[in-house]
There are 2 protein chains.
Amino acid sequence: MECMALGKDYATQECSIARALEVVGERWTLLVVRDAFYGVRRYNDFLVHLGIPRAVLAARLQTLTAEGILDKRRYQESPPRDEYVLTARGLALWPTLRALGLWGRDFLNKPDLRTFRHAVCGTEQELGPYGECPACGTVVPVSDVELMPGPGLDRDPADPVSRALLKPKRLLQPLETEPV
Amino acid sequence: MECMALGKDYATQECSIARALEVVGERWTLLVVRDAFYGVRRYNDFLVHLGIPRAVLAARLQTLTAEGILDKRRYQESPPRDEYVLTARGLALWPTLRALGLWGRDFLNKPDLRTFRHAVCGTEQELGPYGECPACGTVVPVSDVELMPGPGLDRDPADPVSRALLKPKRLLQPLETEPV
DNA sequence: AAACTTGGTTCAATGACCGAACCCATGCCT
DNA sequence: AGGCATGGGTTCGGTCATTGAACCAAGTTT
């Protein structure tokens, strides 16, 4: 009885888009993945940054881990603490998130909230739609993308994660939340 | 009271990805849009192809129309019949769907279910990850993309829409369902 | 020992989704 | 004219997911 019809799958669909959506199409899931790209790694940071119910976050982290998109790993022993980091499969979701973000920016809201650029070549130009650097022409690997806060962003957000994201930083680089 | 907190929005998120997901992130929505790219235009065709509950389909078509992603238009007067076609805003979702589909193919299932290629230049090579044609090098506009059935596809599906999609066809070109 | 932090689980209430049944305007067959 | 079929929905009760708040537990600081 484990294999059938949870009602959450798109049963009749023979399509890799449908398969993908069964895994990352649930509410909150892609936002968790986005935060992982932004350097969020800890349960509590996801929690305050997303404003997600605790139970839902726990469920999502578990399925993302089970699907091999996040890797849960111990980063200190005492007290035992785990962090969630993107696997190769998770990193491969970057083009999807990029495409979604561009669509949202171009068709839904005016002000630029965040922009991305190539960290290593020193350009100030934004990455192109496929993640290519307009200055040096290459498709920039995710770890070399610099995340810049845009003009539309709230300058004084309530949670420490948003505050940490006001400074430019590389994707995937772990977040440095200020000690309170 | 109409404007606040339906519980379905990602309230705290200042992010174009979150904005986008509020619009296209609900269950079924992106599959409806995908079908629109495949040439599905009529309520009934969406219904049988997706296996979606009627009420949900009606709701999704309504919000997609309200958000300016689909355009509902009368295509015959008697009996009055409407069809749903992608607007510019809807067409701009193609890179997102493409990225999702590639991810699903590469990381979730083995067999190629559908492939895309450039219709006008006669190549047999598949489009690249950004929708560029490997033969002629250009980024192919959606209406020039040819949708090819892949080897992993069921050869004798139950519904007429899936059957119509077994033949190669251009994206956006209206579906020709066989008269029964 | 008391209080705090991190990372959860449990619970009742609400909302979304589900399938099945019903509705209605028109067209087609006889 | 009567009957059935088709396209495009709406309504309805039951189930499943999501929500916010409360609770729990291990370890650590004071």
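Residue numbers start from 1 in every chain, and the chains themselves are labelled A, B, ... in the order their sequence lines are given, proteins ahead of strands.
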Given side chains that start at C-beta, do those of A/L93 and A/R34 come closer than 4.5 Å, heavy atoms only?
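Side chain of A/L93 against side chain of A/R34, heavy atoms only: no contact under 4.5 Å found.
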Does D/dG8 have OP1 or OP2 sitting under 4.0 Å from an N or O in the side chain of B/N44?
no
Is A/W28 near enough to D/dT19 that one of its side-chain N or O atoms lies under 4.0 angstrom from OP1 or OP2?
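Answer is yes, contact under 4.0 Å.
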Look at the side chain of A/R54 and the base of C/dG7, then say whether one donor and one acceptor between them are separated by less than 3.5 Å.
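Present.
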For the pair made of [atom1] in [X] and [atom2] in [N], what is the distance, rounded to whole Å?
| X | N | atom1 | atom2 | answer |
| --- | --- | --- | --- | --- |
| A/L61 | C/dG7 | CG | P | 10 Å |
| A/L57 | D/dT18 | CG | C1' | 13 Å |
| B/Y10 | D/dT18 | OH | P | 10 Å |
| A/E77 | C/dT6 | CD | P | 18 Å |
| B/R81 | C/dA25 | CZ | C1' | 8 Å |
| B/R74 | D/dG8 | CZ | P | 10 Å |
| B/L47 | D/dT10 | CG | P | 13 Å |
| B/Q76 | D/dG8 | CD | C1' | 12 Å |

Out of B/K72, B/R74, B/R73, which residue meets the salt bridge (Lys or Arg N to Asp or Glu O under 4.0 Å) rule with B/E83?
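When salt bridge (Lys or Arg N to Asp or Glu O under 4.0 Å) is applied between B/E83 and each of B/K72, B/R74, B/R73, only B/R73 qualifies.
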Please pick, from [options], the nucleotide with the shortest atom-to-atom distance to any side-chain atom of [X].
| X | options | answer |
| --- | --- | --- |
| A/Y84 | C/dG8, C/dG7, C/dG19 | C/dG8 |
| B/Y75 | D/dG27, D/dG8, C/dT9 | D/dG8 |
| A/K72 | D/dG8, C/dG8, C/dC18 | C/dG8 |
| B/Y43 | D/dG20, C/dT9, D/dG9 | D/dG9 |
| B/R27 | D/dT10, C/dC18, D/dT18 | C/dC18 |

Please confirm whether the backbone N or O of B/Y38 pairs with a side-chain atom of B/K169, one donor and one acceptor, at under 3.5 Å?
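Yes.
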Does A/R105 reach the main-chain N or O of A/R114 with its side chain, forming a donor-acceptor pair under 3.5 Å?
no
By nearest nucleotide on DNA chain D, pick out whichever of A/P80 and A/R60 is the more 5' one.
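Closer to the 5' end of DNA chain D: A/R60.
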Quick check: on DNA chain C, is the nucleotide nearest A/Q62 upstream (toward 5') of the one nearest B/P79, or the reverse? Name the residue that is more 5'.
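It is A/Q62 whose nearest nucleotide is closer to the 5' end.
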Taking the nucleotide of DNA chain C with the closest heavy atom to each, which residue, A/D82 or A/A55, is nearer the 5' end?
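Result of the comparison: A/D82.
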Pick out which of A/E124, A/M148, A/Q125 makes a side chain to side chain contact (heavy atoms under 4.5 Å, CB included) with A/T115.
A/M148
Would you mind classifying the nucleic acid contact of B/V56 as base, sugar-phosphate or nothing, using non-hydrogen atoms under 4.0 angstrom?
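It contacts sugar-phosphate atoms only.
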